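In what follows, every chain begins at residue 1, and chains take the letters A, B, ... in the order their sequences are listed. Keep in mind that this is a model prediction, so the values were computed, not measured.
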Protein chains: 2
Amino acid sequence: MFSIGEVSRRTGVKVPTIRYYEQMGLMTPSERSEGNQRRYGRGDVERLTFIRHARDLGFEIDRIRELLALSQHPDAPCEGADRIAGAHLTEVRQKIEQLKRLEAELERIVSHCGGHTVEDCYVIRALSDHGLCEHEH
Amino acid sequence: MFSIGEVSRRTGVKVPTIRYYEQMGLMTPSERSEGNQRRYGRGDVERLTFIRHARDLGFEIDRIRELLALSQHPDAPCEGADRIAGAHLTEVRQKIEQLKRLEAELERIVSHCGGHTVEDCYVIRALSDHGLCEHEH
DNA sequence: TTGAAATCTCCAGAGACTAAAGGTCTGGCG
DNA sequence: CGCCAGACCTTTAGTCTCTGGAGATTTCAA
């Protein structure tokens, strides 16, 4: 049985974050000590590792809840997990595309600024005048 | 003089968002009607367009406040604006790099899942076992 | 003058934490 | 066994950028 601090050290998840995940219904300590402190077992540590890993990959809390539920049923078909991961991958790709458009626009704006004062600063002018943009955003 | 609804229609910024920007100190209506309703002039609409444009480009509210302050001084040097935009561009690029790493990892995980049940689902296994990851994240 | 639409202020929620306040428990040392 | 520092407890609030709702008031056209 580990205290919350030990679990934190083992998983790299901060103590308040562990409590937050509990509040979000992602995990519950196996026990409580007589003085009401959380006590975790090996399984809990593994579960938290799973959660942390999924968060690192950018999955939302709600999706993680679903993935955890799926992982409890080894015999169920894994389409659900594939679908969740696939949808997330699509989202990540869309975000990348959007950020690339921003990057291009910002790059163009920054590199165009040859002015010395605000009056002829391309950065300021571009923001004021949408007509100076190459693309919609 | 325009009402907040008219300004919203002209700029595409929702009414509550305009009030939010006011609360954040980005803009104030030129006047109030006798019945205390906001009344905006042309300059206000331009200012809101500037704000919206900057938000679309991903600038934070605090940065926009700075950019607005700079734009009020046409004779000042524009280094400030360049620096803000440049720093933002750097951030955008970093985010793109991070998302690309996520994309690669997710792609690998999703494409590896040839299993039919959760038990041998690579998605679930990869989340459970960090050792299956290619890179740190 | 009436009444529907727009506006007002204030408050709460989303998402994923993070920090602080004020009190309680644990565990090692003398 | 008693002490006390450190870890832990709960609850609350703050971050950031909005968005929506409740209930009251104003506007404007018919």
Side-chain angles (χ1 to χ4, degrees), chain A residues 1-40 44 48 50-68 84 87-88 91-92 95 98-99 102 137, chain B residues 1-40 44 48 50-68 88 91-92 95 98-99 102 137:
Chain A
M1 285 294 135
F2 312 112
S3 70
I4 196 168
E6 269 172 45
V7 172
S8 173
R9 251 166 272 127
R10 274 162 199 264
T11 60
V13 180
K14 289 182 186 168
V15 169
T17 305
I18 298 174
R19 288 196 275 249
Y20 170 71
Y21 288 156
E22 182 178 334
Q23 210 182 316
M24 292 298 100
L26 296 189
M27 59 180 306
T28 318
S30 309
E31 297 178 22
R32 289 275 185 154
S33 73
E34 288 191 18
N36 197 36
Q37 297 194 354
R38 291 166 179 82
R39 290 299 119 102
Y40 299 92
D44 296 325
L48 184 53
F50 182 106
I51 294 167
R52 192 218 144 128
H53 197 172
R55 279 298 299 138
D56 285 347
L57 285 168
F59 286 96
E60 296 172 1
I61 299 283
D62 286 351
R63 294 299 84 69
I64 296 175
R65 213 190 329 269
E66 291 169 25
L67 289 170
L68 282 166
I84 290 169
H88 182 49
E91 277 171 30
V92 168
K95 250 183 220 159
Q98 205 214 329
L99 285 175
L102 283 195
H137 39 243
Chain B
M1 285 293 135
F2 313 112
S3 70
I4 196 168
E6 270 172 44
V7 173
S8 172
R9 250 167 273 127
R10 275 161 199 263
T11 60
V13 180
K14 290 183 183 167
V15 169
T17 305
I18 298 174
R19 287 197 274 248
Y20 169 72
Y21 289 155
E22 182 178 336
Q23 210 183 317
M24 292 298 100
L26 296 189
M27 58 179 310
T28 317
S30 308
E31 297 179 19
R32 290 273 184 156
S33 73
E34 289 191 17
N36 198 37
Q37 297 194 352
R38 291 167 179 81
R39 291 297 119 104
Y40 298 92
D44 296 324
L48 184 53
F50 182 105
I51 293 168
R52 191 217 145 126
H53 197 171
R55 279 298 300 139
D56 285 347
L57 285 168
F59 286 96
E60 296 172 1
I61 299 282
D62 286 351
R63 294 300 84 67
I64 296 175
R65 213 190 330 266
E66 291 170 25
L67 288 169
L68 282 166
H88 182 48
E91 278 171 30
V92 168
K95 251 182 218 158
Q98 206 213 328
L99 285 175
L102 283 195
H137 39 240

Go through D:dT19, C:dA6, C:dC17 for me and flag the one nearest to the B:Gln37 side chain. C:dA6
Short side-chain N/O contact to D:dC8 OP1/OP2 from A:Ser3, under 4.0 Å: yes
Please state whether the phosphate of C:dC8, meaning OP1 or OP2, lies under 4.0 angstrom from any side-chain nitrogen or oxygen of B:Arg19. yes
Heavy atoms only, 4.0 Å cut-off, all strands: where does A:Tyr21 land among base, sugar-phosphate and nothing? sugar-phosphate
Does a nitrogen or oxygen in the side chain of A:Arg55 sit under 4.0 Å from OP1 or OP2 of C:dC17? yes
B:Glu6 with B:Arg9: basic N within carboxylate O range, under 4.0 Å: no
Specify the separation, in whole Å, of atom CG of A:Asp62 and atom P of C:dG13. 17 Å
Measure the distance from CZ on A:Arg32 to P on C:dC25 and round it to the nearest whole Å. 13 Å
Of all the nucleotides listed (C:dA16, C:dT26, D:dT19), which has the minimum atom distance to the side chain of A:Tyr20? C:dA16
Which value, rounded to the nearest 0.5 Å, describes the distance between B:Leu26 atom CG and B:Leu48 atom CG? 9.5 Å
Does the pair B:Arg19/B:Glu22 count as a salt bridge with the N-to-O cut at 4.0 Å? no
Specify the separation, in whole Å, of atom CD of B:Glu22 and atom P of D:dT17. 17 Å
Between P of C:dA6 and CZ of B:Arg9, the distance in whole Å: 7 Å
Taking only side-chain nitrogens and oxygens of B:Arg38, does any of them come within less than 4.0 Å of OP1 or OP2 of C:dC8? yes
Check the phosphate of C:dC25 against A:Arg39, side-chain N and O only, distance under 4.0 Å to OP1 or OP2. Yes or no? no
Answer yes or no for B:Arg10 and B:Phe2: cation-pi contact, defined as NZ/CZ to six-membered ring centre under 6.0 Å and angle to ring axis within 45°. yes
Both A:Ile4 and B:Glu34 contact DNA chain D. Which one's nearest nucleotide lies toward the 5' end? A:Ile4
Atom-pair distance (CD1 on B:Ile18; C1' on D:dG20), nearest Å: 16 Å
Taking OP1 and OP2 of C:dT26, is either one under 4.0 Å from a side-chain nitrogen or oxygen of A:Ser33? yes
